[in-house]
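Note sheet for the following structure.
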Amino acid sequence: MSASVDRYRVRPGQRFRLADCDPEDNSTFDGEREAAEAEFAALNDRLEALQELLHAEGRHRVLVVLQAMDTGGKDGVIRKVFEGVNPTGVRVASFKVPTAPEMARDYLWRAHQQVPANGELVIFNRSHYEDLLVVRVHELAPEKRWRRRFDHIQAWEQMLADEGTTIVKFFLHISKDEQRQRLQDRLDDPEKRWKFSLGDLKERERWHDYQAAYEEVIDRTSTDSAPWYVIPANRKWYRDLVICRILVATLESLDMTFPQPADLTGVVVT
Ligand code: AMP
Ligand code: MG
């Protein structure tokens with residue numbers, strides 16, 4: 001994998017600190033904005049082709065996990081990075097406050113139901129990690145209970161990987177000031193106001209608790225089989241570019257080929 005792709009991967013066994021990651025960083029691209037857009041457009045085409053291949057080959061399963069603070073850009077990434085991919089074979093699973101049937105079961109149950117099948121790429125918009133984030137920050141479960149989830153999740157993801165699922169996890173890293181700006185923009189823009197909720201301000205008060213929770217999650221659950229990438233996300237163009245590079249590199253590493261049907265020589269369509 002190229003250096004620019006590897007740079008944001010969190011290596012297991014190394015103490016991870018969020019403070020070492022600059023949300024403004026754009027150091028793997030030095031050029032004009034137009035050049036970044038051109039690179040992105042080419043990568044987006046490539047992603048489209050690779051997803052087609054994934055679907056045609058039908059042997060691999062790909063799980064993309066998206067986590068971020070409010071306004072971090074999860075929706076933007078889904079719209080922009082996956083623009084143009086064939087909706088057949090790509091699915092978004094969004095994880096909200098658990099419903100009654102979900103609450104009546106273990107926390108991984110709803111996530112497991114949404115994992116990709118052969119040939120499928122599934123994007124988790126939020127994920128099972130909420131059970132170590134919002135649940136921890138708001139004390140929705142006792143610490144004794146959620147603490148064990150680091151191990152559960154590692155083991156569960158390892159099982160998925162062993163059974164043929166490729167997992168990539170992205171944390172879209174924005175600064176607290178960038179979040180202030182984005183929330184303000186939502187308030188000011190009539191077409192964005194629907195996304196704003198007063199609850200977002202309450203959550204913002206817990207910024208540091210969330211950052212601490214994210215830091216431990218990323219530190220303890222980035223593995224070779226299910227790596228975390230911490231993406232500088234203050235600049236949307238850079239965030240999308242880096243994510244697209246990582247997805248393309250990940251799909252290329254699968255060495256997929258179009259299926260070769262039985263001998264069709266001489267077959268003519270009349
Ligand atoms: P949104 O992504 O803006 O639609 O918001 C979804 C909400 O669901 C967020 O406030 C999450 O914190 C919340 N949520 C997601 N998963 C869980 C969970 N396991 N327990 C409690 N709240 C959750
Ligand atoms: Mg929200």
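For ligands, and for the atoms within them, numbers begin at 1 and follow the listed sequence.
Residue contacts with ligand 1, taken as heavy atom pairs separated by less than 4.0 Å, involve Arg110 solely via side-chain atoms from C-beta onward. When heavy-atom distances to ligand 1 are checked against a 4.0 Å cut-off, Val134 comes that close only through its side chain, counted from C-beta outward. Residue-level proximity to ligand 1 for Asp70 is absent, since no heavy atom of it falls below 4.0 angstrom. Proximity of Arg126 to ligand 1, defined as any heavy-atom pair under 4.0 Å, is confined to the side chain (atoms from C-beta onward). By the criterion of a heavy-atom distance under 4.0 Å, the side chain of Pro98, and not its backbone, is placed next to ligand 1.
By the 3.5 Å distance cut-off applied to N or O atoms, Lys74 is not counted among the residues near ligand 1. Note: no N/O pair closer than 3.5 Å links Val135 and ligand 1 by distance alone.
The residue among Asp200, Leu140, Val97 with a heavy atom at the shortest distance from atom 8 (O) of ligand 1 is Val97.
Defined by atom type and a distance below 3.5 Å, a donor-acceptor pair is present between the side-chain atoms of Asn86 and Thr88. For the residue pair Gln114 / Arg91, a side-chain donor-acceptor distance below 3.5 Å is found, with atom types taken as modelled.
A distance of 6.0 Å or more separates the ring centres of Tyr238 and Phe29.
Taking a cut-off of under 4.0 Å to the non-hydrogen atoms of Asp131, the atoms of ligand 1 that pass are 19 (N). Within the listing of ligand 1, atoms 1 (P), 4 (O), 6 (C), 8 (O), 14 (N), 15 (C), 16 (N), 17 (C), 23 (C) sit less than 4.0 angstrom from a heavy atom of Lys96.
The aromatic rings of Trp146 and Phe150 lie perpendicular to each other, with more than 60° between the two planes, well past the 30° mark.
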* To do: Quick one: do Leu198 and Lys202 satisfy side-chain contact (heavy atoms from CB on, under 4.5 Å)? Show the steps, please.
  => CA-CA 7 Å; Leu198 282 174; Lys202 276 260 160 263; over 6 Å; no
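A cation-pi arrangement is found for Lys80 relative to Phe40, the charged atom lying closer than 6.0 Å to the ring centre and inside a 45° cone about the ring normal.
The shortest non-hydrogen separation linking Arg7 to Ser27 is NH1-OG, 3.0 Å.
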